[in-house]
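See below for the structure under consideration.
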Amino acid sequence: MNFWNKMLSNITDTVLPKKLDDDTLFLQIEEALQEEKNLWNSQQSYIDPYTVKCFQDKWHSAYSSAKKKTRGVLFSLGLSGQKIHSLAPKFIDIYEHISSKAQAFNECMIKHRVAEAAQLILPVEGKMLDDQQMRCIVKKVHNHLVLAGAGSGKTTTIVAYVKYLLKSNICMSNDILVLSFTNASALEMSERLNKEIGTPVIAQTFHKLGLDIITSVQSKKPKIYSGDIRLFARKQLNVLVQNVEYLRKLCTYLIYDGVTQKSEFDFQTEEEYQSYLKYNSPITLKKERVKSYGELKIANFLTQNGVSYVYEQAYPIDTRTSEFGQYHPDFYLPDYDLYIEYFGIDREGKVPAYFSEKNGMSATQVYQEGIKWKQELHKKNETHLIEVYAYENLEGHLLSKLEERLRNAGVIFSPMSPNEMWSMLNGTENQKLDRIAELFGTVITLAKSNECSLDEMHSRNASLKNLASIDIVIDLIKPVYNNYQAMLSASEEIDFNDMINLASHYVQNKQFIHSYKYVIVDEYQDISQARYRLLDSMRKQNAFHLFCVGDDWQSIYRFNGSDIGFILNFEKYWGISEVSRIETTYRFPQSLISVSSSFIMKNPEQKQKKLHSAIADRGFSMGKITGYTDAYAVEFLADRLKDLPPKSSILFIGRYRFDIKILESQKQFTYRYNTVLGKTEVFFSRRPDLQIFFMTVHGSKGLQADYVFLLNNKAQGMGFPSQIADAPVLRLFLDNSDHYPYAEERRLFYVAITRAKKKVWLVTIKNNESVFVKEIDEVYGKDMQKEQYICPLCGGRLIRKSGPYGEFFGCSNYSSKGCRYKRNINRSKNIGGFRNGHTI
C-alpha cells in the first residue's frame with residue numbers, strides 16, 4: 001500500500017469521539033504535537049496541502065474540545081487537566097496556523113530543491129527554465145494543477161517534470177503516463193520526451209488509452225467510427241426538414257428559444273440592461289429592433305400568425321402633459337384597431353431593480369401609476385388595450401396568454417407555413433442547417449460523454465431547468481440520435497465517447513488493472529465528463545500522483561464534450577490540491593498581453609493570472625482592418641501583407657471553415673487544401689515568399705505564426721462571437737461554470753489573437769463590427785489607430801513622412817542603420833477614410 005493509501009486508511013480507521021474526557025484529550029494533544037513535530041523532521045521534500053488537511057481532519061475533535069476548555073477554563077483539578085492547561089494553547093496555535101507554517105516551510109524547501117533540480121536537469125530542450133517553471137516541477141504533491149498562460153512553455157515544463165522524476169530516481173519510466181488530447185500533440189510530446197530524456201515514456205491520447213484498455217480486455221481491437229457527428233447530423237437534417245411537421249417544430253424552436261434570452265429582471269442597473277441589448281439586440285423576423293425579449297416574442301408571434309402590427313406608433317390622441325409625454329403603445333394592430341402593452345412587472349407587481357424612483361415614489365409605484373394612466377387613457381378614448389406581463393414570459397405562458405386574449409378580441413390567425421417561417425429566419429439555407437447541425441452534434445456528444453439517454457435528458461430538465469424549449473430541442477434531436485445509434489449498431493462500431501466509457505467500465509469492474517504512479521495530463525482544460533470518469537476510476541484503483549497542466553482561458557472544446565468546470569473547480573473533483581502558475585509568455589509582446597488578458601478577464605469566473613512577456617514590444621501589437629465591404633476589407637488586408645518582412649509566417653484564422661471564402665473577392669489570393677500538411681495553404685501573388693495558412697480557431701489551437709489576421713469579426717449573420725454557444729440545452733450537461741455572456745466564444749477569441757508572435761489584425765466590416773471588436777476598440781482604439789507599419793526589408797518601423805512628391809512611408813532605420821526602404825502613398829485612392837488601405 002503506497003503512502004497516500006496508508007494516509008487515507010489511517011484517517012478512516014481513526015474514530016475520534018465528539019466529547020472527550022480529559023485523559024483522552026491529553027493523550028490526543030500529545031500525539032498531535034508529536035505528529036506535527038515529525039512532519040517538519042521527515043524526509044519529505046514538500047508538505048502537501050493534502051497532508052495539512054489530513055492533520056486538521058484527524059485532530060478536529062481534539063481541537064474543538066481544547067478550544068472550549070480554554071475558552072471556559074473548564075479544566076479538571078486532576079493531573080490530566082493540569083497537563084491540558086499547559087499544552088492546549090500550543091496545540092491550538094499549531095492547529096490554527098499549520099497551513100501558513102507549511103507554506104513558509106515549503107518556500108524554504110522549494111528554494112533548496114530548485115537549486116538541486118537545476119544542477120540535475122538544466123538545460124531542458126536547450127532552454128533555461130524560469131523560476132515558476134522550476135518551482136512547479138519540484139513540488140511533490142498528490143494533486144497538482146499548473147495554470148499555464150498562452151506561450152508560457154507548458155510542454156517544456158512537462159518534459160522538465162518527467163526528466164526530474166527520472167533523474168531524481170523518484171520513479172521509473174514505465175510508472176509514468178502522459179495524456180494529451182490529439183494524436184498530433186501526443187506524438188509531439190513523445191518525440192520531445194524521448195529526445196530530451198533518451199528513455200521511452202508513454203505519451204498518448206485518452207482515446208488511445210481507452211483503446212488499449214478495451215483491446216487488453218477483449219483480446220482484439222474494436223471497430224471505431226471515425227466520422228464527424230456534426231456531418232452526420234447535417235445529412236440527417238437535409239432529410240428531416242422535408243417533413244412539414246418537423247420543420248414547423250424546428251422553426252418554432254429557432255424563433256423563440258434558439259438562444260438564451262435574458263429578461264429585464266436579470267439586471268441590476270439600466271446601464272447593464274442597455275449594454276446587454278446593444279450587443280444582443282432583439283431583432284424580429286421583420287428585422288426590427290425592439291426593446292426587450294418579451295416584445296421580441298410578441299412581434300414574432302404576430303408575424304408568424306399573419307397578424308399585421310406597427311411597433312411603437314404614436315397614439316392618435318395628443319397625450320402630452322406636464323407629467324407625461326406623447327404615448328407610444330408597444331404594438332398597434334391596424335386591421336383590428338387593437339393595442340398591445342407588455343408590462344414589465346413580476347407576479348407581485350414589482351419592477352426590475354434598475355427602474356427609477358420619482359417624486360418620492362418607489363420605482364414600482366411610479367410604474368404602476370404609468371400602467372393605471374394607460375389603462376384609463378384607453379378607457380376614456382374607448383380604444384381596446386390587450387395587456388400581457390413580464391411574469392407571464394418568465395413563467396413560460398406569454399404566448400399562450402397572448403393568443404387567448406387576441407382570439408377573445410376577434411383576431412383571426414393565418415399561420416405562416418413552415419417554409420415561409422424558414423425563409424424569414426436569419427442566414428442562408430446552408431448556414432441555418434450548419435448552425436443546427438453544430439448544436440445537435442454537440443448535444444449528442446455531451447449526452448454520450450455523460451452516458452445520458454434522451455429520456456434521462458428530459459428528466460434532468462424537469463429537475464434542473466424545466467424549460468419547455470429544452471424538451472422541444474431534445475425531441476428535435478431524437479430522430480438524429482436514434483439514427484446515429486442505429487448506424488453504429490448496424491456496422492458493429494463504437495465512437496470515441498463509447499470507447500472512453502467502455503474503458504472506464506472495465507477499470508471499475510477490475511477487468512483491467514493499471515500500475516501507474518504518476519499521471520500527467522496536458523491541456524487539462526479540455527477534459528470531458530467521460531475522460532474524467534476514466535481518470536477517476538483509475539485513481540480509485542491505484543492512487544497515483546496527478547500533475548495537470550492547462551489554461552482555463554483556452555478551454556474551447558465544449559462542442560466535443562469538454563467542461564471548463566473540471567479546471568475551475570479542480571478540488572471539487574480531486575480533493576485538496578496545490579495550484580501553481582507559469583505566467584511568462586515567450587510568444588508575444590506585452591502590448592498583446594495587455595489586450596488579450598484584459599479581454600479574457602472580463603469574465604470573473606476565469607482564473608486570474610498575471611502574464612508578463614519575455615518579448616520586447618516593437619509598437620502596438622494589434623491593429624484593425626475595416627472595409628465597407630468584404631472586398632475592400634481584403635484589399636486593405638493585402639496592403640498589410642505587402643509590408644511584412646520577408647518569409648514571414650502568417651495565419652488567417654476564421655471562426656468557421658467558410659470564412660476563407662472572403663478571399664475569393666480578390667484575384668491576387670488563391671488557396672488549396674494541402675493533404676500532406678493537413679492545412680489550407682493561401683497564396684498571395686504579390687508576396688510569394690510569405691508562408692500563409694488558413695485555419696479555424698479550433699484548428700489553430702497550439703500553433704503560432706509571426707502575424708495573425710482574424711477574419712469574420714461581424715455582428716450579423718454567422719459572425720464572431722457565434723450565437724449557438726448559448727443554447728440553454730447545453731446547460732444540462734456542463735458544470736454550470738459559464739454564466740458570463742459569450743463565455744466560450746470569448747475564450748475562442750483569446751486563443752485566436754494569442755497565436756500571433758508579433759502582431760494580430762482584426763478584419764471587420766464598417767457598421768457591422770462584432771461586440772468583441774467594439775469592446776477592444778473602446779479601450780485600445782487609439783492605440784490601434786496609431787498602427788505602426790513594419791519595414792519588409794529590415795523589420796523596422798515605418799513612419800509616415802512628407803516629401804516633394806507627396807506622402808510616403810519611410811523606415812525608421814533609414815539613416816541610422818542604412819535601410820533604404822520607402823513607399824509612396826497613392827493619394828488618388830481615397831475610399832471611406834482609407835488611403836491605399838492604411839487608416840488615416
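- Counting heavy atoms from C-beta on, the side chains of Asp639 and Lys642 come closer than 4.5 Å.
- Lys127 and Leu122 make their closest contact through O-CD2, 4.2 Å (heavy atoms, listed as atom of the first residue, atom of the second, distance).
- Closest approach of Ala633 to Thr764, counting heavy atoms only: CB-O, 4.0 Å.
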Apply the test salt bridge (Lys or Arg N to Asp or Glu O under 4.0 Å) to residues Asp777 and Lys774: give CA-CA distance (whole Å), side-chain angles for both, the deciding distance (0.1 Å), then the verdict.
CA-CA 5 Å; Asp777 214 18; Lys774 289 178 179 178; over 6 Å; no
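- We find the CG-OG distance between Leu611 and Ser594 to be 10.0 Å, quoted to the nearest 0.5 Å.
- Ring geometry for Phe181 versus Phe206: interplanar angle of 30 to 60°, hence tilted.
- Judged by distance alone, the side chains of Arg531 and Ser562 never bring a donor and an acceptor atom under 3.5 Å apart.
- By the 4.5 Å heavy-atom criterion applied to side chains, Phe570 and Cys548 are counted as neighbours.
- Between the side chain of Ser596 and the backbone N or O of Tyr750, no donor-acceptor pair lies under 3.5 Å.
- The CZ atom of Phe709 sits 10.5 Å away from atom CG of Leu651, with the distance rounded to the nearest 0.5 Å.
- Below 30°, between 30° and 60°, or above 60°: for Tyr707 and Trp761 the angle between ring planes is between 30° and 60°, a tilted geometry.
- In this structure, a donor-acceptor pair under 3.5 Å is absent between the side chains of Gln525 and Asp551.
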Please lay out, stage by stage, how Glu438 and Arg435 fare under the test salt bridge (Lys or Arg N to Asp or Glu O under 4.0 Å).
CA-CA 5 Å; Glu438 183 178 347; Arg435 191 163 63 231; over 6 Å; no
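- Rounded to the nearest 0.5 angstrom, Ile564 CD1 and Ile556 CD1 are separated by 11.0 Å.
- With respect to the salt-bridge test (charged N to carboxylate O, under 4.0 angstrom), the residues Asp630 and Lys714 qualify.
- Gln133 and Thr157 share a side-chain donor-acceptor pair at under 3.5 Å.
- In this structure, NZ in Lys609 is found 10.5 Å from CD1 in Ile582, a value given to the nearest 0.5 Å.
- Here the shortest heavy-atom pairing between Thr626 and Lys766 reads CG2-N, 3.5 Å.
- For Lys602, the NZ atom is densely surrounded, since the number of other residues' heavy atoms within 6.0 Å is greater than 12.
- A distance of 8.5 Å separates CD of Gln608 from CZ of Arg581, quoted to the nearest 0.5 Å.
- Scanning both residues, Ser598 and Val595, for their nearest heavy atoms gives OG-O, 3.1 Å.
- A salt bridge between Lys647 and Asp689 is absent, with no side-chain N of the basic residue lying under 4.0 Å from a carboxylate O of the acidic one.
- With hydrogens and angles left out, the side-chain atoms of Glu681 and Asn674 include a donor and acceptor closer than 3.5 Å.
- Within 6.0 Å of atom CD in Glu125, more than 12 heavy atoms from other residues, nucleotides or ligands are found, so the atom counts as buried in its surroundings.
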Go through the steps to decide whether Ile660 and Phe652 satisfy the test side chain to side chain contact (heavy atoms under 4.5 Å, CB included), and finish with yes or no.
CA-CA 8 Å; Ile660 194 174; Phe652 288 173; 6.0 Å; no
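- Minimum interatomic distance between Leu710 and Ala752 (heavy atoms only, all atoms of both residues): CD1-CB, 3.8 Å.
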Show your reasoning for whether ring pair (Phe, Tyr, Trp, His ring centres under 6.0 Å) applies to Tyr671 and Phe694.
CA-CA 9 Å; Tyr671 60 88; Phe694 169 82; 7.7 Å; no
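- Residue Lys154 holds its NZ atom at 9.5 Å from OG1 of Thr156, rounded to the nearest 0.5 Å.
- What you find for Ser180 and Asp522 is that their closest heavy atoms are OG-OD2, 3.8 Å.
- Using a 4.5 Å cut-off on side-chain heavy atoms (C-beta onward), Pro200 and Ser173 make no contact.
- With salt bridges taken as basic N to acidic carboxylate O contacts below 4.0 Å, one links Glu116 and Arg113.
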What verdict does the side chain to side chain contact (heavy atoms under 4.5 Å, CB included) test give for Gln666 and Glu635, after you've listed the backbone C-alpha separation in whole Å, the side-chain angles of each residue and the deciding distance to 0.1 Å?
CA-CA 7 Å; Gln666 296 289 335; Glu635 183 180 343; 3.9 Å; yes
Evaluate the criterion side chain to side chain contact (heavy atoms under 4.5 Å, CB included) for residue pair Ser577 and Val141; output intermediate values, then yes/no.
CA-CA 8 Å; Ser577 307; Val141 291; over 6 Å; no
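- Ion pairing between Glu188 and Arg192 holds under the 4.0 Å rule for side-chain N and carboxylate O.
- Residue pairs meeting the side-chain hydrogen bond (donor to acceptor under 3.5 Å, both in side chains) criterion with at least one partner in residues 199-209, sequence neighbours excluded, are Lys208-Asp212.
- In summary, the side chains of Ser722 and Tyr656 do present a donor paired with an acceptor at a separation below 3.5 Å, with no hydrogens or angles considered.
- Note: Tyr557 and His698 have tilted aromatic rings, judged against thresholds of 30 and 60 degrees for the angle between ring planes.
- Here Phe599 and Phe749 bring their ring centres to under 6.0 angstrom of each other.
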Going through the distances and angles, do Leu535 and Leu179 end up as a side chain to side chain contact (heavy atoms under 4.5 Å, CB included)?
CA-CA 10 Å; Leu535 269 187; Leu179 291 168; 3.9 Å; yes
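- Although no hydrogens or angles enter the test, the distance criterion places no donor-acceptor pair under 3.5 Å between the side chain of Asn713 and the main chain of Leu762.
- Looking only at side-chain heavy atoms (C-beta outward), His144 and Ser580 come within less than 4.5 Å of each other.
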